[in-house]
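Okay, structure first, notes after.
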Number of protein chains: 2
Amino acid sequence: MSRPVIQIPDNSKPEIDWTTGADQKTMAIHQLLDYFNSFLPLDEEEASAVVNAFHPRRIKRRQFILHEGDICTHNTFVVEGCFRMYLIDEKGKEHNLQFAVENWWIGDIGSFHTEQPSRLYIVAMEDSIVLQIRKGDQLRLFEDHPKFNRIFGVFTENALVAAQRRILQNISSTAEERYLDFLDRYPQLFNRISNVQIASFLGVTPEFLSTIRKKISRS
Amino acid sequence: MSRPVIQIPDNSKPEIDWTTGADQKTMAIHQLLDYFNSFLPLDEEEASAVVNAFHPRRIKRRQFILHEGDICTHNTFVVEGCFRMYLIDEKGKEHNLQFAVENWWIGDIGSFHTEQPSRLYIVAMEDSIVLQIRKGDQLRLFEDHPKFNRIFGVFTENALVAAQRRILQNISSTAEERYLDFLDRYPQLFNRISNVQIASFLGVTPEFLSTIRKKISRS
DNA sequence: ATGCTTTCTTAAGATACCTTAAGGGTGGCT
DNA sequence: AGCCACCCTTAAGGTATCTTAAGAAAGCAT
């Protein structure tokens with residue numbers, strides 16, 4: 001029954017063969033530069049500082065880029081692919097704090113900033129390509145080119161607004177409302193991520209999400 | 001070094017009589033400068049920029065400093081007193097997103113940044129004294145004195161980390177665990193704020209919080 | 001003091017959500 | 001092809017939390 005039809009046209013996917021040369025870094029970096037430019041246009045110097053500061057990396061499905069106990073030393077920009085960041089509680093259950101797909105950032109900001117061990121895991125849910133910047137390089141970027149202070153400041157603010165929104169929803173809405181809002185808000189995610197993971201993000205069991213979906217499909 | 005040159009009235013009592021002259025602004029501002037200095041020491045110029053940019057204001061209990069539909073035009077530093085920021089849902093129920101007491105910031109960052117009408121209310125729970133800065137003045141402060149970019153960046157990051165922590169707790173913990181954590185985490189708040197408000201912050205009804213408290217007291 | 005509002009509590013019945021268990025479907029791997 | 005891992009669903013019974021209602025205690029206003 002009305003399971004949402006999954007058709008991902010693959011033609012949009014820039015198939016990147018990492019082995020064929022230096023172009024891949026160029027392509028990935030270009031995507032990041034476009035992204036920065038959409039916030040505040042960069043001049044040549046700033047753009048080349050970005051090129052120098054970020055390093056590309058291929059991540060295989062199920063590969064971790066952060067593990068509990070590690071210090072989060074990199075800030076990560078997703079060029080292609082899909083990640084989730086989660087916590088494992090005392091009972092051994094996973095709870096998804098965040099997803100990240102193309103043009104999203106991911107990392108444990110707390111650990112990155114304080115340099116204390118993280119309690120979080122970040123794992124690739126698909127084969128992925130990322131650009132990473134080390135903390136020291138990011139600080140240098142901020143000092144040498146103050147514009148990045150502003151840009152990253154806006155990212156953090158946006159993340160905070162989204163987090164506050166989610167808190168309000170968690171304390172005021174039912175799981176069904178949260179699920180409907182998720183579908184509305186993240187159309188790029190819901191046909192790409194398993195319901196198990198979405199349930200964990202919403203804070204319900206997969207079984208209960210299933211009954212919610214059944215109820216919705218009857219409407 | 002940098003302790004800004006601001007006259008401190010010898011009177012160490014926090015009792016502020018607004019009518020007796022200009023000292024009150026001095027005292028309030030001094031508290032804010034101390035606060036900034038505890039993050040990054042300010043030089044004289046920066047300190048005097050703060051003095052010029054922030055305006056003191058007395059807020060009476062039950063008085064609003066932000067109302068749904070308003071655009072949040074100020075960033076607010078609490079010198080003395082206590083506030084809560086909340087949302088009213090479709091059913092007319094209030095849900096507390098945040099509290100703020102001495103040396104905390106409060107405001108609807110989303111509305112402040114986008115200049116769109118807010119959906120939130122901010123109200124004083126006690127007679128209070130605040131220092132406010134207008135958005136334009138804050139931007140000017142950032143431009144003229146880049147250090148404030150960093151300082152406010154740290155504030156925002158800390159707020160984001162706290163918000164993420166709360167999300168994880170909401171999706172992984174029971175109400176009792178959340179309440180115990182609240183007591184642990186905000187000892188300055190729990191004997192100052194009514195249980196009705198705490199319940200609304202935790203996302204439970206006051207009745208249920210009452211049964212939680214009863215259960216805890218029996219241990 | 002008298003009343004009015006707010007707070008906290010208690011309890012009974014309802015609803016949201018979880019746990020456990022089971023079965024079927026799909027895709028990857030050999 | 002066959003097996004295995006993972007995902008999705010369904011259902012029964014349990015727990016967490018809400019709703020409604022009521023009453024007692026504490027603060028605030030007239």
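The sequence lines fix the lettering, A, B, ..., with proteins before strands; numbering per chain opens at 1.
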Looking at every non-hydrogen atom in both residues, tell me the closest pair between His95(A) and Asp89(A) and how far apart they are.
NE2-OD2, 2.8 Å
Spacing between Asn170(A) atom CG and dT17(D) atom C1', to the nearest angstrom
15 Å
So His67(B) and Tyr121(B), would you call those rings parallel, tilted or perpendicular, with 30° and 60° as cut-offs?
perpendicular
Identify, between Ala175(B) and Arg61(B), the residue whose nearest nucleotide on DNA chain D lies closer to the 5' end.
Ala175(B)
Quick one: does NZ or CZ of Arg84(A) land under 6.0 Å from the six-membered ring centre of Tyr86(A), within 45 degrees of the ring axis?
yes
Go through dC8(D), dA16(C), dT10(C) for me and flag the one nearest to the Thr174(A) side chain.
dA16(C)
Strictly by modelled atom types, are Arg57(A) and Gln132(A) linked by a side-chain donor-acceptor pair under 3.5 Å?
yes
ring-ring contact (aromatic ring centres under 6.0 Å, His included) with Phe77(B): of Phe83(B), Trp105(B), Phe36(B), Phe54(B), only one passes, and it is Trp105(B)
Please encode protein proximity along nucleotides 22-30 of chain C as a string of B, S and -, counting only heavy-atom distances under 4.0 Å.
---------
dT7(C) phosphate, OP1 or OP2, under 4.0 Å from Asn195(B) side-chain N/O
no
Go through residues 196-206 of chain A and report each residue with a non-hydrogen atom lying under 4.0 Å from DNA chain C, sorted by number.
Gly203(A), Val204(A), Thr205(A)
If only side-chain N and O atoms of Arg213(A) are considered, is one of them under 4.0 Å from the OP1 or OP2 phosphate oxygen of dC8(D)?
no
Over-ring placement of Arg213(B) relative to Phe208(B), 6.0 Å and 45° cut-offs
no
Angle between ring planes, Phe39(B) versus Phe155(B), binned at 30° and 60°: parallel, tilted or perpendicular?
perpendicular
Does Asp181(B) come within less than 4.0 Å of Arg165(B), counting only side-chain N to carboxylate O?
yes
Any side-chain N or O of Lys214(B) under 4.0 Å from OP1/OP2 of dA11(C)?
yes
Which part of the nucleic acid does Lys93(A) contact within heavy-atom distance under 4.0 Å: base, sugar-phosphate only, or nothing?
sugar-phosphate
